[in-house]
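Below, read A as the first sequence line, B as the second, and so on, with proteins coming before strands; counting in each chain starts at 1.
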Protein chains: 2
Amino acid sequence: MEERCENCIVRKFNALRAMSKDELKAVSDSKVSRKIKKGEVIFEEGEKLNGVYCVRGGVSKLAKLSPNGKDQIVKLATKGEVLGQRSVVAEENSNLSATAVSDMEMCFIPKEAIVSTLHKNPDFTYEVLRHMAHDLREADDVIVNMSQKTVKERIAEALLYMMNNFGEDQEGYLALVLSREDIANVVGTATESCIRILSEFKKQGLIKTSGKRMAILEARKLQDLADGF
Amino acid sequence: MEERCENCIVRKFNALRAMSKDELKAVSDSKVSRKIKKGEVIFEEGEKLNGVYCVRGGVSKLAKLSPNGKDQIVKLATKGEVLGQRSVVAEENSNLSATAVSDMEMCFIPKEAIVSTLHKNPDFTYEVLRHMAHDLREADDVIVNMSQKTVKERIAEALLYMMNNFGEDQEGYLALVLSREDIANVVGTATESCIRILSEFKKQGLIKTSGKRMAILEARKLQDLADGF
DNA sequence: TTTAAAAACTGACAAGTGTCATCTTTTGTC
DNA sequence: GACAAAAGATGACACTTGTCAGTTTTTAAA
């Protein structure tokens, strides 16, 4: 039997924590749990979303296809984050696609349960608003990084971001394993350029690799690099 | 005597339209109208905002200083837009600076009037949320443009953006007059590169200039350029 | 009108980055 | 374990873009 939202720790991290008991009960009754395999698509760009996805475990990439045919990863979402919130709120089709980067567990919550609470519970609405304000600030930061930093600086930053937000395993390797192509799509560069710079970092002893796993050896130096020194 | 918010058409364009009569009255009683000269700073990056600014006329640029010392213009805000909303909602210092690009008229609304309404009126909160969802989508689009388009494509797009959002005067010149440096800061490039590409557009007959005023002659061709053809 | 400062412009050049082609290694499946 | 497919890696090269240095034009103030 599936866990109920009332007992789900994940909700502490997102706006659902501002729901009343009754509202949460309604959400829990209407939600559907899903397991999603690495590589599987959760929703496509342009798709109409009939609800949001609350991530219980695993990591997904939110990407947008650029006119030249390349995917730009706009955000990596993990435990506690809610996907599709923006589209449901704006009543627009999704502007992003979501794909699992690792095996995932998530709950689909039909939009009715969300929208009705948005209309009735200002605390919840405010909480969603605060999360979106946070996302917007991050997006502003990304814009500046994209336009003003070199590819090398952005890759250094992406590595540190992965370390700080997804952690490391016992051996010191980044817990989040991304393909070179995904990393390239995060920083907005060609896969080859990304590989080249990672090789350079490796030669300089800033990182080490084992298969596609990567470990950061000199976080401080990478930080300096990311900051343009 | 100053106009009251209740009678101000500008509010139709932003979330204030979802306020009740009483709430709007409170805002109107506490607001302060200000005229701001071109070039004047409205607020700085990192500054604590004690309220929001509702733009009644004129245009302002919202920018963020990048580590390398260049300003990146993240958004151009005009009539009806509310500045500082994100920071007030998130209870953070501003992540952007705001500077007048033309002479402006705006109203400062103390944050108390906004925050108390956010807590009490879900319609208002929802409306603010929808506006922020819209801003977030636009930010996503900007991220993709920045990372995937060439400088030339971005400049073509910026010109079309200026035409579509700020219009043209009788002679067909863009109503919004930006310096070359500002345009460069919008598209995230060096001023010299921006000038060079504008000169090229001029040679190709896509635009014409008169002082710092610019007119678009071949919108269609610029659009193709912006789309990567 | 004169003058100084700011903005616009241009050329030369180097560095950064993307593309294409090719090769090697890893991964997953039968 | 063998094989095919995917991912990673590397070199060559051209093109884009930023930087620096300097000139011209425009703007604003005296």
Checklist entry - Choosing from C/dG18, D/dT17, D/dA9, which nucleotide comes nearest the side chain of A/V151? => result C/dG18
Next on the checklist: Heavy atoms from C-beta onward define the side chain here; which of D/dT17, C/dG18, C/dC9 lies closest to that of A/A190?
Outcome noted: C/dG18
Next on the checklist: Can you confirm whether B/V52 sits close enough to B/F108 that some side-chain heavy atom of one is under 4.5 Å from a side-chain heavy atom of the other?
Outcome noted: no
Rounded to whole angstroms, how far apart are [atom1] on [X] and [atom2] on [N]?
{"X": "B/E192", "N": "D/dG22", "atom1": "CD", "atom2": "P", "answer": "14 Å"}
{"X": "A/E200", "N": "D/dA9", "atom1": "CD", "atom2": "C1'", "answer": "14 Å"}
{"X": "A/L198", "N": "C/dT25", "atom1": "CG", "atom2": "P", "answer": "19 Å"}

Checklist entry - Can we say A/D140 and B/K64 salt-bridge, meaning some charged N sits less than 4.0 Å from an Asp/Glu carboxylate O? => result no
Contact under 4.0 Å: [X] side-chain N or O vs [N] OP1/OP2:
{"X": "B/T189", "N": "D/dT17", "answer": "no"}
{"X": "A/K212", "N": "C/dT27", "answer": "no"}
{"X": "A/K152", "N": "C/dA15", "answer": "no"}
{"X": "B/K70", "N": "D/dT19", "answer": "yes"}

Next on the checklist: What I want to check is whether the side chains of B/T209 and B/K202 have a donor and an acceptor closer together than 3.5 Å.
Outcome noted: yes
Next on the checklist: Regarding A/T150, tell me which of base, sugar-phosphate or nothing describes its non-hydrogen contacts under 4.0 Å with the strands shown.
Outcome noted: sugar-phosphate
Item to check | Sugar-phosphate only, base, or nothing, as touched by B/S199 at under 4.0 Å among non-hydrogen atoms | outcome: sugar-phosphate
Checklist entry - What pair of heavy atoms forms the shortest contact from B/G205 to B/E218, and how long is it? => result O-CG, 3.5 Å
Item to check | Side-chain donor/acceptor of B/R196 to base of D/dT19, under 3.5 Å | outcome: yes
Next on the checklist: If you assign each of A/K203 and A/S147 to its closest nucleotide in DNA chain D, which residue comes earlier from the 5' end?
Outcome noted: A/K203
